[in-house]
J.: 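Structure provided below as structure tokens; questions to follow.
Atoms within each ligand, like the ligands themselves, are counted from 1 in listed order.
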Amino acid sequence: MTTLDAAFAILQCPSCGDPLTLADDGATCTQRHHFDRARQGYLSLRAAHKGKGAPASGDTPEMLEARDRFQSDGFHDEIAAAVLAAVPADARGWLADLGGGTGWYAAQILDARPELHALVLDASAAAVRIAARAHERLAAVSADVWSGIPVRDASVEVALRVFAPGSAAEVRRILAPGGTAVFAVPHADHLRELGHGLKLMKVPAGKADEVAASIPEATLVSSVEVRRRVELTVEQALDAVFMGPNAFHQDRAKVAAVLEGWKAPISVTLAVTVVALQVP
Ligand SMILES: C[S@@+](CC[C@H](N)C(=O)[O-])C[C@H]1O[C@@H](n2cnc3c(N)ncnc32)[C@H](O)[C@@H]1O
Ligand SMILES: [Zn+2]
């Protein structure tokens with residue numbers, strides 16, 4: 001049985017909330033909603049779009065490549081170590097990585113926590129295509145976490161959200177009794193220096209306190225700040241800008257022209273807090 005087959009034990013229909021069962025070419029529920037399994041090994045659990053605005057499409061391949069280079073250069077290693085430390089050493093069962101991208105964090109956790117399986121959910125088809133190959137104990141699903149997480153109530157031991165959006169009530173809903181929520185959120189000064197002379201999106205202040213209080217009945221297990229200054233080349237600084245939502249509003253050539261005017265190396269602050277909460 002593949003990990004995606006095993007994941008049916010925790011998946012639910014994004015349209016009606018009924019349990020999903022395996023079908024020849026994908027998944028189906030008792031109400032006969034049908035979802036396709038992509039050739040690349042992930043399941044597409046996108047419900048018909050209801051809310052306002054365009055449906056979430058997630059990160060583009062160019063953003064994923066920029067993030068991959070930045071992560072491969074080691075700049076997120078301390079964040080990954082803090083995220084791993086927040087996952088209980090004896091964790092077993094399922095971890096759901098919400099907005100989990102290419103599975104970079106989930107795969108490292110699986111290496112260190114042999115009793116865990118992971119489900120990566122992300123709106124970006126390009127990301128889940130990569131995540132589907134990231135680890136043998138990892139299943140990948142394309143889903144919009146804002147329109148309800150297609151995971152059954154009280155079914156996962158660990159819910160992870162690293163630099164990604166989503167509702168705390170949904171995190172609470174999917175966590176099993178005694179389960180752990182792990183959030184990694186940037187501080188207002190994260191990558192702040194790159195904003196000088198560029199109209200980049202600002203990180204709002206107070207996100208760490210906000211997530212620490214986001215599940216009222218949970219206990220705060222740990223809150224660890226990872227803060228460090230790094231020296232970046234112009235290319236690395238460009239990746240830092242274009243791996244995130246600024247990519248939707250900025251032109252790489254224009255930002256490159258500004259950054260080339262600065263004297264490299266470009267010294268930048270990384271400031272992230274990793275919060276772990278345990279639900280009763
Ligand atoms: C900044 S990236 C972080 C990815 C990953 N957690 C990491 O740190 O490597 C944010 C991720 O959230 C995803 N995303 C954005 N909106 C989403 C939504 N409504 N539903 C699911 N995923 C979403 C994006 O596609 C992207 O992969
Ligand atoms: Zn259904």
J.: So, are R252 and E235 salt-bridged, with charged N and O less than 4.0 Å apart?
T.: yes
J.: N/O of G58 under 3.5 Å from N/O of ligand 1, yes or no?
T.: no
J.: Test of understanding: clusters of I, L, V, M, F, W, Y form through side-chain heavy atoms closer than 4.5 Å, transitively. Do V120 and F183 belong to the same one?
T.: no
J.: How would you list, by chain and number, every residue that makes a side chain to side chain donor-acceptor pair (under 3.5 Å) with E260, sequence neighbours excluded?
T.: none
J.: When you measure from atom 20 (N) of ligand 1 to every protein heavy atom, which one gives the shortest distance, and what is it?
T.: V145 N, 2.9 Å
J.: Going by the order shown, which atoms of ligand 1 are within less than 4.0 Å of some heavy atom of G101?
T.: 27 (O)
J.: In sequence, state the C-alpha distance, the side-chain angles, and the governing distance for H33 and D18, and then conclude on side-chain hydrogen bond (donor to acceptor under 3.5 Å, both in side chains).
T.: CA-CA 10 Å; H33 297 120; D18 280 0; over 6 Å; no
J.: Tell me: protein heavy atom nearest atom 4 (C) of ligand 1, and distance?
T.: G99 O, 3.4 Å
J.: Number the atoms of ligand 1 from 1 as they appear, then name those within less than 4.0 Å of a heavy atom of W146, with their elements.
T.: 19 (N)
J.: If you count the atoms of ligand 1 from 1 in the order shown, which ones are under 4.0 Å from a heavy atom of F163?
T.: 1 (C), 2 (S), 3 (C), 8 (O), 10 (C)
J.: Given that the side chain starts at C-beta and the backbone is N, CA, C, O, which of these parts of R67 lies under 4.0 Å from ligand 1, counting heavy atoms, or is it both or neither?
T.: side chain
J.: Evaluate whether atom CD of E217 has more than 12 neighbouring non-hydrogen atoms of other residues, nucleotides or ligands under 6.0 angstrom away.
T.: yes
J.: Are E136 and T3 linked by a side-chain donor-acceptor pair shorter than 3.5 Å?
T.: no
J.: Under a 4.0 angstrom heavy-atom cut-off, which atoms of ligand 1 come close to D59?
T.: 2 (S), 24 (C), 25 (O), 26 (C), 27 (O)
J.: Identify the closest protein heavy atom to atom 27 (O) of ligand 1: which residue and atom is it, and at what distance?
T.: D122 OD2, 2.7 Å
J.: The Zn ion (ligand 2): which protein N, O or S atoms are under 2.8 Å away?
T.: C13 SG, C16 SG, C29 SG, H33 ND1
J.: Please identify which atoms of ligand 1 are closer than 4.0 Å to at least one heavy atom of Y105.
T.: 7 (C), 8 (O), 9 (O)
J.: If you take the nearest heavy atom of each of G244, G166, P165, which one is closest to atom 15 (C) of ligand 1?
T.: P165
J.: Just wondering, are more than 12 heavy atoms of other shown residues or ligands nearer than 6.0 Å to CZ in R227?
T.: yes
J.: Quick one: do R37 and D5 make a salt bridge, cutoff under 4.0 Å?
T.: yes
J.: By number and element, which atoms of ligand 1 are closer than 4.0 Å to a non-hydrogen atom of D144?
T.: 18 (C), 19 (N), 20 (N)
J.: Quick check: is F75 connected to V203 through a chain of hydrophobic side chains (ILVMFWY, heavy atoms under 4.5 Å apart)?
T.: no
J.: Do other residues, nucleotides or ligands put more than 12 heavy atoms under 6.0 Å from the CZ atom of R229?
T.: yes
J.: Can you tell which of A126, A123, S124, A143 gets a heavy atom nearest to atom 17 (C) of ligand 1?
T.: A123
J.: Please confirm whether Q71 comes within less than 3.5 Å of ligand 1 when only nitrogen or oxygen atoms on both sides are compared.
T.: yes
J.: Salt bridge (Lys or Arg N to Asp or Glu O under 4.0 Å) between R173 and E170: does it pass, once the steps are laid out?
T.: CA-CA 5 Å; R173 181 184 64 76; E170 279 289 280; 2.8 Å; yes
J.: Taking only heavy atoms of A56, which atoms of ligand 1 are found under 4.0 Å from at least one of them?
T.: 18 (C), 19 (N)
J.: Give me the ring orientation class for F163 and H190: parallel if the planes are under 30° apart, tilted from 30 to 60°, perpendicular past 60°.
T.: parallel
J.: Hey, quick one: are V226 and L84 part of the same hydrophobic cluster, counting side-chain heavy atoms closer than 4.5 Å, chains of contacts allowed?
T.: yes
J.: I'd like to know if D25 pairs up with R39 as an ion pair, taking the criterion as any Lys NZ or Arg NE/NH1/NH2 lying under 4.0 Å from an Asp or Glu carboxylate oxygen.
T.: no
J.: Minimum distance, heavy atoms only, to atom 3 (C) of ligand 1: which one of D97, V128, V83, V162 is it?
T.: V162
